[in-house]
There are 4 protein chains.
Amino acid sequence: MAAKQRGRPRSAVAHQAILEAARDLLACGGYEQMTMEAIAARAGVGKQTLYRRWPSKSAVVAEAVLSGYLVAETPPPADSGDVAEDLRLWLRQQFEWLGAPTVTALVRGLTAAAIDSDIDAARLYDHLTGPGRQQLTDRLSAGVRQGQLRPDIDLETVADVFAGTMLYHGVTGAPATAPDADRLLGLLLTGMALPANTASKPPGEEPAPSP
Amino acid sequence: MAAKQRGRPRSAVAHQAILEAARDLLACGGYEQMTMEAIAARAGVGKQTLYRRWPSKSAVVAEAVLSGYLVAETPPPADSGDVAEDLRLWLRQQFEWLGAPTVTALVRGLTAAAIDSDIDAARLYDHLTGPGRQQLTDRLSAGVRQGQLRPDIDLETVADVFAGTMLYHGVTGAPATAPDADRLLGLLLTGMALPANTASKPPGEEPAPSP
Amino acid sequence: MAAKQRGRPRSAVAHQAILEAARDLLACGGYEQMTMEAIAARAGVGKQTLYRRWPSKSAVVAEAVLSGYLVAETPPPADSGDVAEDLRLWLRQQFEWLGAPTVTALVRGLTAAAIDSDIDAARLYDHLTGPGRQQLTDRLSAGVRQGQLRPDIDLETVADVFAGTMLYHGVTGAPATAPDADRLLGLLLTGMALPANTASKPPGEEPAPSP
Amino acid sequence: MAAKQRGRPRSAVAHQAILEAARDLLACGGYEQMTMEAIAARAGVGKQTLYRRWPSKSAVVAEAVLSGYLVAETPPPADSGDVAEDLRLWLRQQFEWLGAPTVTALVRGLTAAAIDSDIDAARLYDHLTGPGRQQLTDRLSAGVRQGQLRPDIDLETVADVFAGTMLYHGVTGAPATAPDADRLLGLLLTGMALPANTASKPPGEEPAPSP
DNA sequence: TGCTAACCGAGACGGTACGTCCTGTCTTCCC
DNA sequence: GGGAAGACAGGACGTACCGTCTCGGTTAGCA
């Protein structure tokens with residue numbers, strides 16, 4: 001081992017002030033507004049204090065977004081016994097939350113950071129979406145146990161679909177509406193294939209389309 | 001009115017040279033490397049010639065990416081009569097194509113441009129994904145007519161799911177593999193809900209949890 | 001030949017504004033106060049416009065001081081026929097002028113610039129002292145023609161003595177007073193050696209000490 | 001009063017190491033190279049140890065230069081009975097010594113320190129030139145006693161002339177040569193005025209111009 | 001022997017200037 | 001009028017240094 005902690009230790013206060021300043025600037029002015037100089041000034045910190053901790057602007061943004069996202073968690077899906085309804089409400093909530101300018105700014109900031117550097121963006125998104133993912137997969141698993149969902153569904157793929165959709169709306173700024181949520185969920189629940197086509201095809205039986 | 005074309009007409013050669021230079025720089029150095037000065041220099045053009053045509057860097061990038069994407073089109077899904085297999089092959093192909101460094105660079109460039117300006121990013125992505133979208137929805141419609149797909153599927157939502165997934169992989173740089181394609185398609189075809197649930201949902205009934 | 005003047009020519013206005021701003025800052029705040037950024041701001045100019053013309057701060061200072069000095073010329077020594085008196089008045093005037101805070105600041109600035117770069121400082125000082133030098137040597141030559149000064153005096157050496165003295169006072173900030181001027185001039189006119197010694201020096205002969 | 005020395009005493013070793021490090025850096029890299037951090041690092045000392053002893057960089061430089069100068073003293077002028085020759089040799093030696101890169105660096109460092117702070121530069125130069133001054137004035141006084149020099153010469157003014165000349169050469173880096181020394185000494189010994197002029201001016205006589 | 005004060009090396013801190021780079025505009029001469 | 005060239009104001013970048021502050025640890029006198 002080494003270096004046994006010599007010299008003045010790095011200030012945790014400064015660390016937090018920087019991340020918060022970065023988030024504030026990101027929220028109110030976007031990625032371009034969020035200058036290293038502005039961050040330092042707003043955090044009441046020298047520029048070198050930023051560069052001592054992070055090698056570049058992208059890295060600061062990445063950590064700022066991640067740490068900020070985690071404190072602004074949304075509640076997990078309820079478990080009323082009706083998985084479709086629970087997911088529907090949860091997804092609507094997620095979409096609504098994602099539509100908040102602050103959150104959009106965080107997503108765009110993180111995306112910009114991911115693009116203009118060699119940050120491991122996939123890892124970042126995993127961190128970012130991690131908690132929501134877990135909430136989702138938990139509820140899906142419960143739905144399986146409750147006999148409402150197919151036991152063979154690929155939880156990760158479902159989570160990826162949601163993540164991709166959210167990224168799309170975050171980047172484009174196109175708001176994700178409640179009907180969007182419903183349509184997406186409907187597709188994922190029902191699937192595209194006719195039942196006849198999928199697992200065991202009950203011969204001749206045509207499910208009645210919505211009247 | 002409209003001054004019917006006075007003075008020297010704008011050079012189409014310069015126009016193309018600029019877009020190509022932009023794409024080249026984007027492909028080899030990323031969005032940050034692609035400066036307006038570098039584009040102008042590489043295209044053998046004055047900077048003013050860029051700004052006479054596009055109002056900002058983002059706009060140049062946008063058009064460069066879009067025009068570049070279009071010339072590198074992928075073929076539409078086949079129609080062998082088996083819609084699941086046709087889509088599987090097409091999606092794999094799309095994913096593979098998307099994994100090419102050049103294409104990734106274009107996607108990332110477009111995303112960066114979308115973020116740091118007030119470009120209508122949604123419109124851009126529509127342009128970008130438009131052709132693929134059309135190919136997809138055409139094949140899906142055919143599948144419906146062939147009695148292999150549900151007649152009530154929401155084509156746009158399906159297309160959005162694909163677009164979101166591709167954006168995710170483009171931005172993170174995480175390669176989208178053939179198994180990913182298969183899993184995604186499987187989910188979308190089959191859906192998550194058990195057949196029993198879709199048809200009749202016994203309200204309030206709690207299935208026995210696993211013992 | 002080459003380059004036949006393409007592109008926008010450099011602005012002479014900006015050039016002058018920069019030099020003047022540099023001199024102003026030097027005069028009111030010293031060498032340390034005179035930042036490149038402050039110069040640019042005061043001149044209403046981008047920093048790049050400075051660096052396009054001069055490679056470093058020292059170079060800007062050098063030119064600013066030189067051009068400023070030249071416009072603030074002092075009058076040449078009079079020629080009343082009495083060279084001693086003419087020089088006495090001129091030297092007093094020079095000393096007084098040198099004591100002005102503005103001039104001291106210029107001298108110190110130039111000296112600082114000379115020290116912290118590889119500027120050819122000797123050349124700068126020559127430029128700086130050139131006009132005064134010429135005035136001095138002209139008057140000395142006239143004095144020689146008028147039979148008041150020795151024909152074999154080394155004009156350059158005399159000028160160097162004055163220059164060195166002025167540099168000393170400029171750097172230290174110790175004001176050069178009128179009595180200082182008189183003493184220096186007295187020394188230079190009269191010399192240190194006794195007349196007996198100057199005329200004929202009998203080798204090996206020990207002169208009788210003063211009785 | 002006066003807290004009679006409690007706590008750990010200051011390290012004399014560190015003191016010397018600092019001054020030596022400062023001189024070394026000054027000698028090999030100039031004033032700009034000589035940063036407080038570099039001095040501390042080279043002396044194997046914490047920065048606070050510097051600031052505990054000196055209030056600023058200029059102060060460190062000043063003491064470093066002075067202490068360095070004193071240990072590198074040049075011998076005093078000889079007293080062979082011939083004051084002109086003694087001074088000539090001594091001045092040549094001084095000029096040669098001054099031309100050494102190390103000495104030039106010290107002079108430039110001291111000058112830079114004098115400029116960018118409110119150090120009493122005159123006092124520093126007095127310290128710096130003090131020993132040489134004393135040597136010089138001693139020899140001049142002896143010359144006066146020996147009847148070779150005028151009894152009314154102003155010793156301080158002579159010393160100032162030498163100091164100014166040396167400062168000029170130190171700052172500009174222009175080497176002071178042996179002929180320079182001879183010329184300067186010739187001027188100071190002989191003076192500029194014709195003997196006739198100093199004592200009694202023959203009235204109305206116009207000297208013939210050079211043929 | 002322990003207490004307390006001042007030192008020590010190390011290095012982070014706020015601040016500020018540096019010199020480079022890029023954006024979007026402008027100004028020149030050439031077609 | 002368009003086009004290539006390049007200067008323009010402005011401003012962010014990342015580096016470096018100044019002088020201060022804060023760690024853990026050392027070295028003295030005093031108790």
Side-chain angles (χ1 to χ4, degrees), chain A residues 3-11 13-14 32-41 43-53 55-57, chain B residues 3 5-11 13-14 32 34-38 40-41 43-58, chain C residues 3-11 13-14 32-41 43-57, chain D residues 3-11 13-14 32 34-38 40-41 43-58:
Chain A
K4 56 176 293 198
Q5 182 63 5
R6 293 208 297 184
R8 178 175 175 173
R10 294 189 180 174
S11 160
V13 173
E32 287 303 292
Q33 220 77 340
M34 186 188 48
T35 327
M36 290 299 257
E37 268 154 7
I39 295 173
V45 140
K47 260 205 294 182
Q48 197 61 48
T49 301
L50 273 80
Y51 286 105
R52 209 176 280 123
R53 291 169 158 80
S56 68
K57 180 176 169 181
Chain B
Q5 190 68 1
R6 302 228 309 161
R8 176 173 173 179
R10 292 187 179 174
S11 158
V13 174
E32 286 303 292
M34 184 190 49
T35 61
M36 290 299 257
E37 271 156 5
V45 141
K47 267 207 293 179
Q48 195 61 43
T49 301
L50 273 79
Y51 285 103
R52 208 175 282 124
R53 291 169 159 82
W54 297 276
S56 70
K57 177 178 170 181
S58 317
Chain C
K4 54 178 299 201
Q5 184 64 5
R6 293 208 299 181
R8 178 175 176 176
R10 294 191 178 171
S11 158
V13 174
E32 287 303 292
Q33 220 78 338
M34 186 189 47
T35 322
M36 290 300 257
E37 269 153 8
I39 295 172
V45 140
K47 264 206 292 180
Q48 197 61 47
T49 300
L50 273 80
Y51 286 105
R52 207 175 284 124
R53 290 169 159 80
W54 299 277
S56 70
K57 179 176 169 181
Chain D
K4 53 179 304 208
Q5 189 68 4
R6 298 232 312 162
R8 177 175 176 176
R10 293 188 180 171
S11 158
V13 174
E32 285 305 290
M34 185 189 50
T35 61
M36 290 300 257
E37 270 153 7
V45 141
K47 267 207 292 179
Q48 195 61 46
T49 301
L50 273 80
Y51 285 103
R52 209 175 282 124
R53 291 167 160 81
W54 298 276
S56 70
K57 179 176 169 181
S58 316

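Lettering of chains follows the sequences in order, A, B, ..., and the numbering in each one begins at 1. What you see below is based on every heavy atom in this structure, not just the backbone, and it leaves out hydrogens, waters and symmetry mates.
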Exercise. Assign each of A38(C) and M34(B) to its nearest nucleotide of DNA chain E by heavy atoms, then name whichever residue's nucleotide is nearer the 5' end.
Key: A38(C)
Quiz item: Picking from dT20(E), dG19(F), dT15(F), which would you name as closest to the side chain of S56(D)?
Solution: dG19(F)
Self-check item: Partner residues of R53(A) under the side-chain hydrogen bond (donor to acceptor under 3.5 Å, both in side chains) criterion, sequence neighbours left out
Solution: H15(A)
Quiz item: What pairs with R10(A) under side-chain hydrogen bond (donor to acceptor under 3.5 Å, both in side chains), at least two apart in sequence or on another chain?
Solution: none
Quiz prompt | Residues in side-chain hydrogen bond (donor to acceptor under 3.5 Å, both in side chains) contact with E37(B), at least two apart in sequence or another chain | solution = K47(B)
Quiz item: By side-chain contact (heavy atoms from CB on, under 4.5 Å), which residues pair with Q48(A), not counting sequence neighbours?
Solution: Y51(A), R52(A)
Self-check item: Spacing of I39(A) atom CD1 relative to dG14(F) atom C1', expressed in whole Å
Solution: 14 Å
Quiz item: Quick one: Y51(B) OH to dA9(F) C1', roughly how many Å, whole number?
Solution: 14 Å
Quiz prompt | Backbone of A38(C) reached by a side-chain donor or acceptor of T35(C) within 3.5 Å | solution = no
Quiz item: What pairs with R8(C) under side-chain contact (heavy atoms from CB on, under 4.5 Å), at least two apart in sequence or on another chain?
Solution: none
Practice problem: Write down the distance between CG (L50(C)) and P (dA17(E)), rounded to a whole number of angstrom. | Solution: 15 Å
Between protein and nucleic acid, restricted to nucleotides 10-12 of chain E and to nitrogen or oxygen atoms under 3.5 Å apart, what atom pairs and distances do you find?
{"unit_1": "dA12(E)", "atom_1": "O4'", "unit_2": "R8(A)", "atom_2": "O", "d": "3.2"}

